[in-house]
Amino acid sequence: MEQVKIAVIGGSGLYNMPGITDKETVTLTTPYGDPSSEIVIGTLRGKRVAFLARHGNGHIYTPSTVPYRANIYALKMLGVRFIISVSACGSLREDYAPGHIVIPDQLYDNTKSERGGRTFFETGLVAHVGVADPFCPEWNDQLYAAVDNLGETVHQGGTFITIEGPRFSTRGESHIFRQWGCSIIGMTTSPEAFLAREAEIAYGVMAHITDYDVWHEHPVTVEMVLKTVDHNLEILQRAIPVAVENLDTEAVYDCHNALKTAFMTKRPQISAEMVEKLKPIVGRYY
């Protein structure tokens, strides 16, 4: 299987951005079922990049039903070491305006459902991965620079709250999230970021603001979101190639060794079946 070091998770339109050549489609299955869509691999600025449509082709998965574990596992099977997550979000701050890009550095998980599984480590193999800084700081710096160098408005830092969805927030919820100090709001970054950390993949989000949620004088609507998405994606389609070109795919950051001290289960209690199931994730340790 072709080894690919970089992946982009977002809308299906991302793999149609200008400059991608030598495309091929890969269909994978995992112990957690099939990923959201087939994976499109193409060459961008001299590097092979995998593109995965988070909500499936045609946007068929709700935020709660996206197969997050299968998505991250499938990318790990390909050898992915860096993920660019492209996520639409609402702003909870006046200065973070629609049309701006945010590279958040913190994450608050306010979701409630199991979302297809929140961890790779269940009964039989226990690991407690550290996520004090849920996004890879070094990768964040590179994503920020890729947008900033284009002269576009980009903010570095902020807490990204993930809500259950698919509904938008009530005004009361939105005001409370603002009181908590959250900067932007979305529906898919949890548990995706945590699973990427368990898989020892550097993960960062290019969050593009589409609206001011419902705390503002102009409450969010689907029409408002769609109106801003095209503008934002044009920026990201120019920024992603820059980030890809400037990335040293062999760089090693702390997140690439996240499991080194995370395991709790003693080796004699770990079955061969469990090791085989999680081979792409834990194979370097067992």
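FYI, side chains are in, hydrogens and waters are out, and symmetry mates aren't considered; it's all heavy atoms of this structure.
The pair Lys5-Glu250 meets the salt-bridge criterion, since a charged nitrogen lies less than 4.0 angstrom from a carboxylate oxygen. In summary, Arg178 and Asp213 do not engage in a salt bridge, as defined by a charged side-chain N under 4.0 Å from a carboxylate O. The pair Arg238-Glu234 meets the salt-bridge criterion, with a side-chain N (NZ, NE, NH1 or NH2) lying under 4.0 Å from an Asp/Glu carboxylate O.
Using bins of under 30°, 30° to 60° and over 60° for the plane-to-plane angle, the ring pair Phe121/Phe263 lands in the perpendicular bin.
Side-chain rings of Tyr108 and Phe177 stay apart, their centers remaining 6.0 Å or farther from each other. Two rings, from Phe160 and Phe135, have their centers 6.0 Å or more apart. In this structure, Tyr253 has its ring center no closer than 6.0 Å to that of Trp139.
Just one of Leu247, Val49, Leu143 meets the side-chain contact (heavy atoms from CB on, under 4.5 Å) condition when paired with Phe82; it is Leu247.
Separation of atoms CG (Leu92) and CD1 (Ile161) is listed at 7.5 Å; rounding is to 0.5 Å. Of the inter-residue distances, the one linking Lys47 atom NZ with Ile6 atom CD1 reads 5.5 Å to the nearest 0.5 angstrom. The distance from atom SG of Cys136 to atom NE2 of His256, rounded to the nearest 0.5 Å, is 6.5 Å. For the atom pair CD (Gln156) and CG (Asp148), the distance works out to 9.0 Å, reported to the nearest 0.5 Å. The CZ atom of Phe51 sits 10.0 Å away from atom CD1 of Ile41, with the distance rounded to the nearest 0.5 Å.
Contact between Ala53 and Ser36 at its shortest, heavy atoms only, is O-CB, 3.1 Å. The two residues Glu164 and Pro63 have their closest heavy-atom pair at O-CB, 3.9 Å. Minimum interatomic distance between Glu198 and Leu259 (heavy atoms only, all atoms of both residues): O-CD1, 3.2 Å. In plain terms, the two heavy atoms of Thr162 and Arg115 that are nearest each other are CG2-NH1, 4.2 Å. Pairing each heavy atom of Thr265 with each of Val126, the nearest pair is OG1-N, 2.8 Å. The minimum heavy-atom distance linking Arg167 with Ile163 is given by the pair O-CD1, 4.1 Å.
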TODO: Any chance you could lay out the side chain to side chain contact (heavy atoms under 4.5 Å, CB included) test for Tyr203 and Thr189, step after step, and finish with the verdict?
DONE: CA-CA 10 Å; Tyr203 180 96; Thr189 307; 4.0 Å; yes
- [ ] For the pair Glu138 and Cys255, evaluate side chain to side chain contact (heavy atoms under 4.5 Å, CB included) and give the outcome as yes or no after the intermediate values.
- [x] CA-CA 10 Å; Glu138 296 89 351; Cys255 56; 5.8 Å; no
TODO: Please assess Thr62 against Ser64 for the test side chain to side chain donor-acceptor pair (under 3.5 Å), listing each intermediate value before the final yes or no.
DONE: CA-CA 5 Å; Thr62 70; Ser64 301; 4.6 Å; no
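Atom CG of Asp254 sits in a sparse spot, with 12 or fewer heavy atoms from other residues, nucleotides or ligands closer than 6.0 Å.
Contact of the Asn257 side chain with the Arg284 side chain is registered, since non-hydrogen atoms from C-beta on lie closer than 4.5 Å.
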